Asks: 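First, the structure itself, so that you have it in front of you.
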Amino acid sequence: MGGRAHFLGPVPEDVLHLAYASADVFAMPKVSGLDSAATLEAMASGLPVVAAEAGARTHLVQHGTTGYLYRPGEVPAFARFLTRVLTDGELAATMGTIARTVAATHDHLRSLSRIEEIYAGLAQTYGGRVQRLV
């Protein structure tokens, strides 16, 4: 990649927003269960995402709309999607804008409300009682 990519390593949380602001794309090739927060942060920063299809990313990233998902281990697909986003500024900007909008729907109050709906539905189905969480 000859100096065209910069791998920062660990970034302190207080300057993480600067790393997102200076990026062109958020690439997540690894498969791990804890990467959904980083993906959501990147999307909230307006970055298109190119990521291995795993975990919550399959619910966060809308393939072809907010970025691209590919099957883990399919390196040619990863390279193709990265190239597409990095060589088409209009596409990247559109995906980033939509990603920011999608990320905004994942705030903690909406998430808590959705969890409450799920529990209420289960309680109704199985005859239990549920108290409001908030």
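Fair warning: this is a prediction, and the values are worked out from it, not measured in the lab. Numbers here are sequence positions counted from 1.
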Asks: Is Leu69 reachable from Val75 through a run of I, L, V, M, F, W or Y residues, each pair having side-chain heavy atoms under 4.5 Å apart?
Replies: no
Asks: I need the minimum non-hydrogen distance between Ala42 and Phe26, along with the two atoms involved.
Replies: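 Closest pair (atom of Ala42, atom of Phe26, distance): CB-CG, 3.3 Å.
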Asks: So Ser36 and Leu60, do their side chains get closer than 4.5 Å, heavy atoms only?
Replies: yes
Asks: Just verifying a value: how many Å separate Asp88 CG and Thr94 OG1, rounded to the nearest 0.5 Å?
Replies: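 Going from CG on Asp88 over to OG1 on Thr94, the span is 8.0 Å.
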Asks: Can you name the closest pair of heavy atoms from His17 and Asp14 and give their distance?
Replies: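 Scanning both residues, the minimum pair turns out to be CE1-O, 3.3 Å.
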Asks: Using a 3.5 Å distance criterion without hydrogens, assess whether the side chain of Arg57 forms a donor-acceptor pair with backbone atoms of Thr39.
Replies: no
Asks: Does the pair Glu53 and Tyr70 meet the rule for a side-chain hydrogen bond (donor to acceptor under 3.5 Å, both in side chains), with working shown?
Replies: CA-CA 5 Å; Glu53 196 173 59; Tyr70 65 94; over 6 Å; no
Asks: What distance separates Ser45 OG from Leu40 CG, expressed to the nearest 0.5 Å?
Replies: 9.5 Å
Asks: Would you mind reporting whether Met43 and Arg100 have side-chain heavy atoms less than 4.5 Å apart?
Replies: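 Sidechains of Met43 and Arg100: no contact.
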Asks: So Leu86 and Val25, side chain to side chain contact (heavy atoms under 4.5 Å, CB included) or not? Walk me through it.
Replies: CA-CA 7 Å; Leu86 291 171; Val25 64; 3.8 Å; yes
Asks: Taking all non-hydrogen atoms of both residues, which atom of Val11 and which atom of Val15 are closest, and how far apart?
Replies: CG1-CG2, 3.9 Å
Asks: Look at the side chain of Thr101 and the backbone N and O of Thr97, then say whether any donor-acceptor pair between them is shorter than 3.5 Å.
Replies: yes
Asks: Decide yes or no for Val49 and Met28: does some side-chain heavy atom of the first lie under 4.5 Å from some side-chain heavy atom of the second?
Replies: no
Asks: For the side chain of Thr58 and the backbone of Ala54, is there at least one donor-acceptor N/O pair under 3.5 Å apart?
Replies: no
Asks: Kindly give the heavy-atom pair with the smallest separation between Ala52 and Pro29, and that separation in Å.
Replies: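 What the structure gives for the nearest pair is CB-O, 3.6 Å.
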Asks: Heavy-atom count check: over 12 atoms from other residues, nucleotides or ligands less than 6.0 Å from Glu90 CD?
Replies: no
Asks: Could you walk me through whether Met95 and Thr65 pass the side chain to side chain contact (heavy atoms under 4.5 Å, CB included) test, one step at a time?
Replies: CA-CA 6 Å; Met95 286 181 158; Thr65 303; over 6 Å; no
Asks: Closest approach of Ala27 and Leu82, non-hydrogen atoms and distance?
Replies: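 Nearest pair, atom of Ala27 first, then Leu82: CB-CD2, 4.1 Å.
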Asks: Does the plane of the ring in Phe81 sit parallel, tilted or perpendicular to the ring in Tyr68? Use 30° and 60° as the thresholds.
Replies: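 If you compare the ring of Phe81 with that of Tyr68, the planes turn out parallel.
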Asks: Might you point out which heavy atoms bring Val85 and Val50 nearest each other, and give the distance in Å?
Replies: CG2-CG2, 4.1 Å
